[in-house]
Amino acid sequence: MTTAVCKETRRRIALLARASDLFDRFGCYLPLAIALLNGWPTEFKSYHDLVTTNAWQVFLSGALYCLAAFALRRAVSFAQAELDP
């Protein structure tokens, strides 16, 4: 690779790393924010209320966002390791 292509690739990986860091920090709050904006109840009286209001989907989507953040971190680390001599 030429030095210009290498610098451009490193710059793009740095941007991906920054985006991955922000997603890792704030990504798990996205399902909760969406649920609260859609009128998700803020208190539960029983387990039955949790199940009937489909609030379990918020927790599942939060876990999926955490897994996506982990995958982004791994992708960035693999990309950085590929460029190191």
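Along the sequence shown, the residues carry numbers beginning at 1. The basis for the numbers below is simple: all heavy atoms, side chains too, and nothing from hydrogens, waters or symmetry mates.
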Identify each donor-acceptor pair in which a side-chain atom of residues 64-76 lies under 3.5 Å from a protein atom, sequence neighbours left out, and give them as a table.
from  : atom 1 : to    : atom 2 : distance (Å)
Arg73 : NH1    : Asp24 : OD1    : 2.9
Arg73 : NH1    : Asp24 : OD2    : 3.1

Distance-only donor-acceptor hits, side chain of residues 26-33, under 3.5 Å, sequence neighbours excluded:
none

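Between Leu16 and Arg12 there is no side-chain heavy-atom pair separated by less than 4.5 Å.
If you take OG on Ser20 and CD1 on Ile13, they are separated by 12.5 Å, rounding to the nearest 0.5 Å. Rounding to the nearest 0.5 Å gives a distance of 11.5 Å between CZ of Arg10 and OG1 of Thr3.
Other residues sharing a hydrophobic cluster with Leu37 under the 4.5 Å side-chain heavy-atom criterion for ILVMFWY residues do not exist; the residue is a singleton.
Residue pairs meeting the salt bridge (charged side-chain N to carboxylate O under 4.0 Å, His left out) criterion with at least one member in residues 58-68, sequence neighbours excluded, do not occur.
The main-chain N or O of Val5 is found under 3.5 Å from a side-chain atom of Thr9 such that the two form a donor-acceptor pair.
Partners of Arg11 according to the side chain to side chain contact (heavy atoms under 4.5 Å, CB included) rule, which considers only residues two or more places apart in sequence or in another chain, are Glu8, Leu15. Not a single side-chain hydrogen bond (donor to acceptor under 3.5 Å, both in side chains) links Gln80 to another residue, sequence neighbours left out.
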